[in-house]
Amino acid sequence: QVQFVESGGGLVQPGGSLRLSCAASGSISMFYRMGWYRQAPGKQRELVASITNGGSSNYADSVMGRFTISRYNIKKTVSLQIDSLKPEDTAVYYCNAVSLSRDQYWGQGTQVTVSS
């Protein structure tokens with residue numbers, strides 16, 4: 001059983017910045033990987049960024065250089081620093097965690113809207 005507290009979503013102007021945070025709690029003491037996915041209306045959910053417990057990160061090409069993912073609190077909290085936001089970044093962002101046994105867990109999602 002895993003619970004997520006997601007925060008940081010909201011309305012931002014193009015070119016602005018945002019920081020998303022996801023804090024995990026529950027019976028899982030450590031995750032192999034945590035990250036963020038996003039899904040816009042009518043589109044497939046896609047990986048935005050992820051980071052392993054060893055510190056290896058992965059980013060979607062569309063966010064490379066603008067998004068930075070980090071883990072804190074004994075690797076049960078993940079943050080996503082988003083810079084130079086674009087309208088096409090608008091989506092619901094979902095926290096994701098993968099356990100050492102490769103079970104997957106999802107947050108409820110937080111809305112990010114980029115608009116003038």
Side-chain angles (χ1 to χ4, degrees):
Q1 185 174 333
V2 174
Q3 299 84 42
F4 296 101
V5 177
E6 298 166 307
S7 63
L11 175 63
V12 185
Q13 297 183 71
S17 297
L18 203 63
R19 182 186 290 271
L20 305 182
S21 181
C22 176
S25 63
S27 60
I28 305 299
S29 61
M30 182 178 293
F31 297 100
Y32 164 71
R33 185 178 70 239
M34 295 187 71
W36 291 90
Y37 288 70
R38 69 185 181 188
Q39 187 169 27
K43 294 187 177 181
Q44 182 179 338
R45 184 175 298 187
E46 63 175 351
L47 173 68
V48 177
S50 65
I51 186 167
T52 68
N53 57 9
S56 298
S57 59
N58 185 48
Y59 296 92
D61 290 341
S62 60
V63 308
M64 190 81 70
R66 299 187 297 117
F67 290 21
T68 303
I69 190 167
S70 302
R71 290 180 71 170
Y72 306 96
N73 298 329
I74 319 180
K75 303 178 181 180
K76 294 186 71 174
T77 299
V78 62
S79 65
L80 186 68
Q81 176 66 41
I82 310 174
D83 297 319
S84 302
L85 277 161
K86 305 175 180 179
E88 50 263 44
D89 294 320
T90 297
V92 177
Y93 285 68
Y94 296 90
C95 184
N96 170 263
V98 180
S99 70
L100 297 180
S101 60
R102 303 300 189 267
D103 294 325
Q104 295 211 23
Y105 304 88
W106 296 91
Q108 299 91 339
T110 182
Q111 178 71 47
V112 172
T113 302
V114 184
S115 179
S116 299

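Every heavy atom of this structure was used, including side-chain atoms; hydrogens, water molecules and symmetry mates were not. Heads up: numbering here begins at 1 and tracks the sequence.
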Is there a path of hydrophobic side-chain contacts, each under 4.5 Å between heavy atoms, that joins M64 and L47?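 Unlinked, M64 and L47 end up in two clusters.
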
When you look at CD of Q39, are more than 12 heavy atoms from neighbouring residues, nucleotides or ligands closer to it than 6.0 Å?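 For Q39, atom CD is crowded (more than 12 foreign heavy atoms under 6.0 Å).
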
When the side chains of residues 108-116 are checked against the rest of the protein, which donor-acceptor pairs come out under 3.5 Å, sequence neighbours left out?
from, atom 1, to, atom 2, distance (Å)
Q111, NE2, A91, O, 3.4
Q111, NE2, T113, OG1, 3.3

What residues form a side-chain hydrogen bond (donor to acceptor under 3.5 Å, both in side chains) with T77, not counting sequence neighbours?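 Partners of T77 under the side-chain hydrogen bond (donor to acceptor under 3.5 Å, both in side chains) test: N73.
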
Let me check something: any side-chain donor-acceptor pairs from residues 51-59 under 3.5 Å, sequence neighbours excluded? List them with distances.
from, atom 1, to, atom 2, distance (Å)
T52, OG1, G54, N, 3.3
T52, OG1, G55, N, 3.4
T52, OG1, S56, N, 3.2
Y59, OH, I69, N, 2.9

Under the ring pair (Phe, Tyr, Trp, His ring centres under 6.0 Å) rule, collect the residues that match up with Y37, sequence neighbours excluded.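 Result, ring pair (Phe, Tyr, Trp, His ring centres under 6.0 Å) vs Y37: W106.
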
Can you list, pair by pair, the side-chain donor-acceptor contacts under 3.5 Å of residues 15-35, counting residues two or more places apart and other chains?
from, atom 1, to, atom 2, distance (Å)
S17, OG, D83, OD1, 2.9
R19, NE, Q81, OE1, 3.2
R19, NH2, Q81, OE1, 2.9
S27, OG, Q1, N, 2.9
S27, OG, Q1, O, 3.2

Among Ile, Leu, Val, Met, Phe, Trp and Tyr joined by side-chain contacts under 4.5 Å, find the other residues sharing a cluster with Y72 and list them by chain and number.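 None; Y72 is a cluster of one.
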
Without placing hydrogens or testing angles, list every side-chain donor-acceptor pair under 3.5 Å for residues 92-103, not counting sequence neighbours.
from, atom 1, to, atom 2, distance (Å)
Y93, OH, R38, NH1, 2.9
Y93, OH, D89, O, 2.7
N96, ND2, Q104, OE1, 3.1
N96, ND2, Y105, O, 3.4
S99, OG, S101, N, 3.4
S99, OG, S101, OG, 3.0
S99, OG, R102, N, 3.4
S99, OG, D103, N, 3.1
S101, OG, D103, OD2, 3.3
R102, NH1, L100, O, 2.8

By the disulfide (SG to SG under 2.5 Å) test, which pairs, at least two apart or in different chains, include something from residues 44-94?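 Passing the test, one end in residues 44-94: no pairs.
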
